[in-house]
Structures are given as structure tokens and as C-alpha cells.
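Below is one structure, written out as C-alpha cells; comments come after it.
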Protein chains: 2
Amino acid sequence: MSADVAARRGIPDASVARLPGYLQALTNLAERGISSVSSEELAAAAGVSSAKLRKDLSHLGSYGVRGVGYEVDRLAYEISTALGLTQDWPVAIVGMGNLGRALAAYSGFTTRGFNVIALLDRDEAIVGAPVGDRTVRPMGDLDALVRDDRLAIGVIATPADSAQDVADRLVEAGVRSILNFAPCVLDVPDDVMVRKVDMSTELQILAFHEQRRTGELDLGRTADVGEVAL
Amino acid sequence: MSADVAARRGIPDASVARLPGYLQALTNLAERGISSVSSEELAAAAGVSSAKLRKDLSHLGSYGVRGVGYEVDRLAYEISTALGLTQDWPVAIVGMGNLGRALAAYSGFTTRGFNVIALLDRDEAIVGAPVGDRTVRPMGDLDALVRDDRLAIGVIATPADSAQDVADRLVEAGVRSILNFAPCVLDVPDDVMVRKVDMSTELQILAFHEQRRTGELDLGRTADVGEVAL
DNA sequence: TAGATTGTTAATCGATTAACAATC
DNA sequence: TAGATTGTTAATCGATTAACAATC
């Protein structure tokens, strides 16, 4: 199977998840005026092994030159294309609490490939209020946003207890990609993709390893004590 | 090997990453007054398969009852213990921009298992300013925080270009667990654990699938065109 | 006991890694 | 050509899944 066909078929999820990191590293190199890079160098910049990088890139096609490396601009373009970032995706943020406001102000959103076209909130008391240079809109605007502005991605920044309701409304309006910041599992149809960002989950994973670290001192003593009866 | 020993040895990373989700689902059930749950029900609540749930829990020990299920409170306690959440971990947030302020106000941080003991910023112009009911402190306070307050986890909420510098200072002060919100790779010693939360990475992954979805209409036509020569 | 559900096994699947032939 | 580095192969590793014996 040619690389071209591989690119059209499925790129492994694990590879897709690393492409943004490569793109970021390449953008960084370009800003520093570097025009060519080896897999070894790019892998180091992205924090992965060079074998993994080359394997990942091989799913996109063959854009390197043996003995030389990759042209930074070219590879960045190819990854952007693969990720679908050559067009701007309209994004709406729902929930104008602390987090929602921070996300609305976050420049990373508005840069490459995304365009925050609306801020919404369920609470009528907040609707109409200004947030940055935008005005908070009611949930009822969702249908029009999907229809008229091709809204594709919904960001949920509400508390957990209203997240499912917001998700239902997004799906009903026709949004099929959701980024969920609320600490809860969303129930959506199979054709809707949800990705979750959860800070407390990440902290808990850190706590696990931190505890393991401090607990290690005791292991030598407890390891041969034998099993503890239930 | 007994389950007890398995728990003391390594729990697979993939399992550890799912434990917070189980804990969340269990907390939810407890709040709704449900005291017993089967693997099938809990798995549905956490959004995983029941086989995966049972396999994950088996790494912790044997806390279910065959033919009955799991006691909600007991299992929540065991997972909390495994994750190291029976103690409070002191956390410092570095970077008091939009995101840092939102994180400082985020209640999810202050609840179960974590305690935000300090907000810091590199910028002397911000140091001393109030954020919520706290005062922004200078980076120089890090050593004292680690020494006197057992600071264990550092949250980096700075722009990408100062994140590495902040990470260096955290490591120098003795912090070995870092949650990085800046969109960049951090270079740290092997014994320091970094987890990354990156919203634009998540958006880009959504864009990939969104693009694939809309591109699917063309696949029937292009699939049998044959290979495109490089 | 009969029914239900866990904990574990073994098979499958997908991802990672090392090594190297291809080739610039 | 000689040196360097890609793209790919094959081996290894770890994670997922289905099935079921153990047992409440």
C-alpha cells in the first residue's frame, strides 16, 4: 500500500494526537529561521523518539529527503493539511464563568486554524453582557450559528451539572465535535466526537506518581511482610 | 502474584489515567444515594467497557463481591488511596494571566486532594497584587514553599516563551511534579514528571476528524482513481 | 440452590522500538 | 563516491477484549 493510500485511510489515533506537537515544534524552528531539520532534531524538539516521529510522518506521505532531512516549511504545511488547518474552523464557547472567559481571551484559540465566532451562556442574566469585544449570546442562537456560520466545534466550559444539557443542545443544533472542560462524561451519539480536558484528572495522575515516589522508601521494609488478609 | 503485590508494583499507566474517572463516577453515585454498583453500571457511568473497568480495578486489589458488585464508598476510598488523595497535596500556580487567574478561581482544584497554597508570577509589577483572596508572590518564594510548606506540584500557566524558565526554577526548588498549560515541551530531569494540558492540541485533533468527516463524501470518487505519483 | 457478577485468563489488537535497506 | 538520514520492516511490548471459572 502506498503512503498516499495510507494517508487517505486511517492514520493511527496515537499518531494523530502527536501531529500538533510536531507542527508546534516546526513553527518554532521556522520562527528561529531554521529551514531544514532531521528527524532526530525534530523529535528532540517535540519530545519523542526519532523512530516514532518517522513512523508517524510515514502515515502522511514521504516528505523527507534521505541523507538530508525535512524542509521545515514543507513539512509544516503537510501536517497542517493533514490536520485540516488550512481552513478556519468556527468555534463557539459555551459557559461564561471564570474558565469560559479565560478561554475566550486565550490567544491560542484564535491563532492557527480556529475562529471563535460566538460566546454563549444558558443564564439569561449573563446574555447580552460584553466579554472582551464580544457579547454573550443565548443558547437559542445555536441553530443559526450552525446554519449560517458553519459552526463546527463546541467548547463546553460550564459546571459539570449543566454540561450534558449543553452537549444535548449542541448535538441537536448539528455540532459534531465537542471539547469538554467540564469534569464529567458526556453521552452523545456515535457520530459525535468528544475530547475532554480535565485538570483535576491530570493533577490526580501527578499525585499518584508523587505518592509512589515518597512511598518508595518504605517498600524495602513492607515488601516481604507477606500478603495482608482481606 | 497476589493482587496486593500487583498494587504495590506498577499499575499500568493506562489504568492509572482512568482511575480519576472512576472516582468521579463513584462520587456522583454516592451523592445520588446509591451505595452499591456493578462493573457494568459503573463502566457505563465512566464511559468505558466493563471488562476494562474490572481489569483496571484488579490492579488495585479485590474489592468487589461476586454476584453482587462493588460498595460505592469502599471502592471510592480504595481508589482515593491508590491515587494518593487521602492527603492534601500543596500546589502552586505560576503565571497570573487570564488562564492562571481562572485556574486560581477554579473550585475543582481546591476540592479533593489538592490545596493551592500559592500564586506566583515572574513579573514584579504583578507581585503583591490580590487575586481572589490571595496575594501574588515572587518566584523567589519557591524555595521556602518547598521547604516549609512541602510544595509538591507546580502548575505552569505562563506563555510558552517563559514556561521553560519557570520549569527550571520549579525543579531547582525541588518540585518534581509539573502540570504544564503552556503550549511547549519542557526539558526536565528524568525524575521530574510533567503532564501537559493543551487546548489547541485537542482542538486540532477535533479538526482532523471533522475534516475527515466532510472529506468522506469524496472518498468514493477518489478511492479508485489509483495512486498519485509523487 | 440458582442467578448474578467478579477476577482472571488467553487471544487479539495496536503501538513502540530497533535495525537497516534504500537512496539522497 | 562516501556519509548521512529517511522510510519501512519485523520484533517487541503493552493494552484491550471476550469469555468463563470462581464464588458470592
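Letters A, B, ... are given to chains in the order of the sequence lines, protein chains preceding strands, and every chain is numbered from 1. The structure presented is a predicted model; accordingly, all values stated were derived computationally and were not measured.
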Heavy-atom closest pair, residues A/Leu103 and B/Met199: CD2-SD, 3.4 Å
Listed nucleotide nearest any side-chain atom of A/Lys55, set D/dT6, D/dA10, C/dT8: D/dA10
D/dT5 OP1/OP2 closer than 4.0 Å to side-chain N/O of A/Ser39: no
Separation of D/dT6 P from A/Asp56 CG (nearest whole Å): 14 Å
Whole-Å gap separating C1' (D/dA15) and CD1 (B/Ile11): 15 Å
A/Arg18 side-chain N/O to C/dT16 phosphate OP1/OP2 under 4.0 Å: yes
Nearest-angstrom distance from the residue atom CZ of A/Arg54 to P of C/dA15: 19 Å
Nucleotide C/dT6, atom P - distance to OH of B/Tyr22 in whole Å: 13 Å
Whether over 12 other heavy atoms sit under 6.0 Å from B/Glu40 CD: no
Under 3.5 Å on both distances, the Watson-Crick or G-U partner of D/dA22: C/dT5
Check against side chain to side chain contact (heavy atoms under 4.5 Å, CB included), B/Phe208 and A/Leu85: CA-CA 8 Å; B/Phe208 172 81; A/Leu85 302 179; over 6 Å; no
Interatomic distance where CD belongs to B/Glu41 and P belongs to C/dT5 [whole Å]: 8 Å
Distance test, side-chain N/O of B/Tyr70 to OP1/OP2 of C/dG7, below 4.0 Å: yes
Distance, rounded to the nearest Å, where B/Leu53 contributes CG and D/dA15 contributes C1': 15 Å
A/Asp13 side chain, from C-beta outward: closest of D/dT17, C/dA15, D/dT6: C/dA15
Nearest-Å distance for atom pair CD/P, residues B/Glu71 and C/dT5: 17 Å
Heavy-atom donor-acceptor pair, A/Arg66 side-chain to D/dT6 base, under 3.5 Å: yes
Residue pair A/Gln24 / A/Asn28, side-chain donor-acceptor N/O under 3.5 Å: no
Sugar-phosphate only, base, or nothing, as touched by B/Ser50 at under 4.0 Å among non-hydrogen atoms: nothing
Residue mapping more 5' on DNA chain C - nearest nucleotide basis, B/Val68 or A/Ser15: B/Val68
Any strand: nucleotide that pairs with C/dT17 via Watson-Crick or wobble, under 3.5 Å: D/dA10
Flag, side chain of B/Glu210 to backbone of B/Ile205, donor-acceptor distance under 3.5 Å: no
B/Ser62 side chain near C/dG7 phosphate (N/O to OP1/OP2, under 4.0 Å): yes
Value in whole Å for how far the P atom of C/dT6 lies from NZ of B/Lys52: 17 Å
Nucleotide nearest A/Ser58 (side chain, heavy atoms from C-beta), chosen from C/dA15, D/dG7, C/dC24: D/dG7
Any side-chain donor near an acceptor of the partner, B/Tyr22 and B/Asp56, under 3.5 Å: yes
A/Ser38 vs D/dT5: side-chain N/O to OP1/OP2 distance below 4.0 Å: no
